[in-house]
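First the proteins, then the strands, lettered A, B, ... as listed; each starts at 1. Everything numeric in this text was worked out from a predicted model, so none of it was measured.
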Amino acid sequence: MFRYIAFSWDARHSSHTSAADRLDKAFYPISHWQAALRIPGLRVYSLGREPGVNDAYTLPSNKGVILGKLFRKKGRNPPPQRSLTLSTQESDDIFASQGESLIDSFWGRYVAFLMSPAGEPKVLNGPSGFIPCYKINVNEVTIIFSWLEDLFDYLSVPLPLSANWQAITAHMLLGGLGGNDTALEEIQQILPGELSSILPERRESNILWSPAAIARNPIEPDLHAAERLLRETVMECAQEWAACYESILLRLSGGVDSAILLSSICASYSSSRVTCLNYYSTGSDSDERRFARRAAGHVGATLIEQERDKDYNLQDILDAARMPIPPNYVGRMGSARTDAQIAASLGAPAMFSGAGGDQVFFELLCTWPAADYLHLHGLDRGFLRAALDSAQLGRVSLWMALKKSIVDQSYSAGLSDGVGRYLKLIKPDAVEAAATQSHRHIHPHLRESTGIPIGKFNQVRWVSQPVDYFDPYLREAAPEMVNPLLSQPIIEVCLAMPTYLLTRGGRGRALARNAFSDHIPQEIVTRRSKGGMEEHVTRILHRNIDLARGLLMDGQLASRGLIDRKQVEASLFGNVSTVNAAYVSEIHGCLAVEAWLQQLSSNPKSALVSAS
Amino acid sequence: MTNIQSPFPRLRLADHIRACEVDGQVIILDMQSNKYIGIGGEILSTLARLIDDWPGATDDVKSQLDKTNCDSTIASLLKQNILVKATGPRLAIDNIDEPVDSLDAEERVRDLKFNIGSLLRIARAASGASLWLKSRSLEEIRDAVIKIRDQYITKQISCSPHILQPAVASYISVRPFVFTAQDRCLHDSLTLIRFLAMDGLFPQWVVGVKARPFAAHSWVQSGSTVLNDLPENVRHYQPILIV
């Protein structure tokens, strides 16, 4: 499992240097951590490096180090190659631009530690945000890290942590935390595309990469050129990632996105390198095997069909690794352990998935594309076409689409619009209190999204949702997650193209479907239905109802007054087969947070000592 | 088996009534008054023992416990004409396959040129459906749907997907010029039924319900293929009326 830890301090103060030295002892030279950079004021270590997969790209003259995986952007690269070496010019440009040329000329999965010309250490989290980046101040030293457990395991100093209840509530409302706050008071996160000073007491940061800025400068190629651009970008990214691994396990749902990913990889590599894995369970929305078979058969790849573990024990969530933000287990229920076992048996270090396709390719029932057209072009000849497409997309009449586009084109984004509207378990006053502060937990680039039409704004919001890299339940046993469709070049291309181009013809993902119509089975190109896990998720809750009751009725969320005990009682007691289906996701969300609280509170090393 | 003493004769659901069990409740659809009634609790198993065609299983222990409540419920249902004496057989009720596939006709829409004939047909079908919904009970609408088959019976052709797909694509291509389908499932379904009937195609019109929270939904299905919705959406609903 690739991860890193770095210490930064003000080297002008000997006491700070001594404090850093004491922390450093755990990592150098006696442990198995590899030193990536050791200079006055900054020490960077990594674990789990693998050449060609997760590297350390050192800038000359101790100007910095980039950890992770870099690819050169299109046009600057020979065919996919596993290893990359930064030229002197490239290194100089990265240093001189303080990371901007890194973002402009490269993409991948990385965190960069850069010294400023004034000798101040900074950290840049790559735009994909694939690798987490957190910081905490401990005794005049700033620690930057990706995996909180490393601090508990290796540091010899106690780490008293406090629950940030305001952020915890926001997390329950928003489904994540997109700002710098985490659910722990002492720990901040460096956001994707953010360059932050990491000297203690320095709070300076800049957003170097903003999806909103990309969306504000649309490109509008003709349809065929757009299809070609999208196809080439997706293929390049998929193939670059595939080049890193000799053997790949690919989660093949049978949907458009995973089929596109599979065909893109197999366009350059033998299908024998890829083993596909499809999960199914009872319930028509959970069984897409037919489509998975078509996709795998189309490229000649091996397909493993695996039933989801319907006996998944929710007790496992109480044994999660401690993270600064409560992890969500729902997507992993019934499959994560199998992923790891199959990956290990195949010798596949990575699991690829088509996650992110909905967001980047634009799959949503709405009429926003017409409003976007009106915003960008006004009432011209193309507007009627855009309105008709939006009517098809939103299943409304043309007149309704026209009307909504006029109303929506002057839409002023409310970041907390509708927040908490459908929640039942969280108390209304907690929702209200958190909603007033919700702007703190939204990525800064979303707060500055004026001038972006409504459809594109919502797309920017979706792609800003963080994606998990680590598995807190299986830890090192889990294969490395790779989500190629969320690669920076794909996001940039899709955000630059207007929504009415992405949905031309009135279908979600229309451009992507057309771009790959010759590469994936026609049945999948035209497929509108989507797999889900709702029945499986509900079944798991029913089977673990006693644990759920115990956790929520007697846990910290209830005692703090965040959730309504009466609502919990109404939802989870009585005839368990009648648990309101609308509550199931919310119940699992609350359970995840409660388990996280208990894990942090009960472990003596983490010492969740006080609550704000 | 425990005997239940009942003051009522053998009863059954009236012909204009449909019922199904969902999430531990029995939902009753009165097609004459267009009303839904939900009955839940331990009384259900007693009712299942006393009423022919009552959805759900019997339970001897619970049956014994709920007799008192049961009598008043039955009396109420009789008064509302939901139950009748079981003197004769009930009308046969259609069955339906589990929805598994969607027709995915949208793909064909972009290849279609605007067709004035289809527009006129959908306008006619939609206005007819609107009139039905404004002026008729569900029972009368059901009868009208059955009669449509008689009206176009000479044109009847097989409802295979490769024949349905272009027909439904044609429908979808002109629908935006006539009405909004989103959140108007009943109107959309009845319009589609009427539209396809003009081509001699007679898929099934379905109304389904779910409980907790209660909701009703309508769609059109042929075999296991859903024509105007997605299988994963309609699977949440238990069919209560199939025509």
Quick check on B:R124: does its CZ atom have over 12 non-hydrogen neighbours (other residues, nucleotides or ligands) under 6.0 Å away? no

Are side-chain heavy atoms of B:T180 and A:W399 found at a separation under 4.5 Å? no

Are B:D183 and A:R395 close enough that some pair of their side-chain heavy atoms sits under 4.5 Å apart? no

Which portion of A:R290 sits near chain B, non-hydrogen atoms under 4.5 angstrom: side chain

Could you tell me which portion of B:F177 (side chain, backbone, both or neither) has an atom closer than 4.5 angstrom to a non-hydrogen atom of chain A? both

Can you tell if the side chain of B:P176 reaches within under 4.5 Å of the side chain of A:L388, non-hydrogen atoms only? yes

Within the structure provided, determine whether A:T526 and B:E106 are in side-chain contact (heavy-atom separation under 4.5 Å). no

A:R507 versus chain B, heavy atoms under 4.5 Å apart: side chain, backbone, both or neither? side chain

B:L230, B:D101, B:V109: which one forms the most heavy-atom pairs within less than 4.5 Å of chain A? B:L230

Using side-chain heavy atoms (C-beta onward) and a distance below 4.5 Å, is A:M400 in contact with B:Q182? no

